[in-house]
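What follows is a single structure, written as structure tokens, with notes after it.
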Amino acid sequence: MSGVIRHIIVRGKVQGVGYRAWIEGEAVARGLAGWARNRKDGTVEAVLSGSESDVAALIEKCRHGPGMAHVTAVDNEPAGEDMLNLRTRGERFSILPTI
């Protein structure tokens with residue numbers, strides 16, 4: 001696989017505002033693979049995979065999120081295939097259960 005895989009944690013008011021569906025739509029529109037899920041601590045976690053420029057552009061957009069979100073921080077670190085492979089088999093982008 002060419003490109004990059006990044007693991008992000010989005011902090012702030014990011015649950016109950018359609019953030020996971022928003023990030024899925026943005027990722028699919030850019031041809032990215034990955035997944036998103038809510039975490040019990042109130043954050044949204046995601047893994048994004050694709051071209052370095054497209055992944056970077058989406059991470060930057062995540063700093064604002066959908067209209068009702070209030071993002072206070074986006075943690076961003078490299079990830080491997082093991083993290084990407086948590087998505088549902090056969091799906092390019094998955095919404096995973098809350099952890």
Side-chain angles (χ1 to χ4, degrees):
M1 187 193 110
S2 62
V4 298
I5 304 172
R6 303 296 295 184
H7 175 230
I8 64 171
I9 305 281
V10 185
R11 302 178 187 283
K13 184 180 187 297
V14 294
Q15 290 188 11
V17 295
Y19 203 100
R20 290 172 301 156
W22 173 84
I23 201 169
E24 178 183 31
E26 293 290 329
V28 168
R30 289 172 170 77
L32 302 179
W35 53 263
R37 66 182 168 198
N38 285 340
R39 292 169 35 134
K40 290 179 183 170
D41 65 1
T43 61
V44 169
E45 177 181 27
V47 169
L48 305 170
S49 174
S51 77
E52 190 165 355
S53 61
D54 286 336
V55 169
L58 181 50
I59 291 171
E60 185 58 33
K61 200 163 185 182
C62 284
R63 297 185 189 286
H64 303 285
M68 296 298 290
H70 178 75
V71 177
T72 57
V74 177
D75 302 341
N76 171 8
E77 61 186 26
E81 290 281 337
D82 56 330
M83 289 287 288
L84 180 61
N85 290 336
L86 293 176
R87 68 187 172 194
T88 304
R89 173 170 278 168
E91 291 184 354
R92 185 160 176 82
F93 198 95
S94 299
I95 302 296
L96 300 180
T98 300
I99 62 158

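This one's a predicted model, so the numbers in the text were calculated from it and none came from an experiment. Start at 1 with the first residue, then count along the sequence.
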Response to the item:
Between the CD atom in E24 and the CD1 atom in I95, the distance rounded to the nearest 0.5 Å is 4.5 Å
Worksheet item: Would a 4.5 Å heavy-atom cut-off, applied to side chains only, mark L96 and T88 as touching?
Response: yes
Discussion item. Test your reading of the model: is there a side-chain donor-acceptor pair from Q15 to the backbone of R39, 3.5 Å cut-off?
Written reply: yes
Worksheet item: Heavy-atom distance under 4.5 Å between the side chains of H7 and P78, does that happen here?
Response: no
Practice prompt. Could you tell me whether the side chain of Y19 and the main chain of C62 form a donor-acceptor pair under 3.5 Å?
Written response: yes
Practice prompt. Give, for atom CD1 of I99 and atom OG1 of T43, the distance between the pair rounded to the nearest 0.5 Å.
Written response: 8.0 Å
Worksheet, complete the sentence: One should read off an interatomic distance between L58 CG and L48 CG, to the nearest 0.5 angstrom, of 5.0 Å
Fill in: Nearest heavy atoms of S94 and R87, plus distance in Å
OG-CB, 3.4 Å
Discussion item. Would you compute the distance between atom CZ of R37 and atom OG1 of T98 and round it to the nearest 0.5 angstrom?
Written reply: 9.0 Å
Item to complete: Decide, yes or no, whether a salt bridge links E26 with R30 under the criterion of side-chain N to carboxylate O below 4.0 Å.
Response: yes
Worksheet item: Does a sphere of radius 6.0 Å around CD in E91 hold more than 12 heavy atoms from other residues, nucleotides or ligands, not counting ones at 6.0 Å or beyond?
Response: yes
Worksheet item: Looking at side-chain heavy atoms only, is the closest gap between R92 and V28 below 4.5 Å?
Response: no
Worksheet entry | Nearest-0.5 Å distance that lies between atom CZ in R11 and atom CG in D75 | 4.0 Å
Worksheet item: Minimum heavy-atom separation for W35 to E45, with atom names?
Response: CH2-CD, 3.7 Å
Worksheet item: What are the two closest non-hydrogen atoms of V14 and V10, and how far apart are they?
Response: CG2-O, 3.5 Å
Practice prompt. Establish whether I9 and V74 are linked, either directly or via other cluster members, by ILVMFWY side-chain heavy-atom contacts under 4.5 Å.
Written response: no
Response to the item:
d(I8 CD1, I23 CD1) to nearest 0.5 Å is 4.0 Å
Worksheet entry | Min side-chain heavy-atom separation V71-H64 under 4.5 Å | no
Worksheet item: Quick one: does S49's side chain have a donor or acceptor within less than 3.5 Å of a partner on A33's backbone?
Response: no
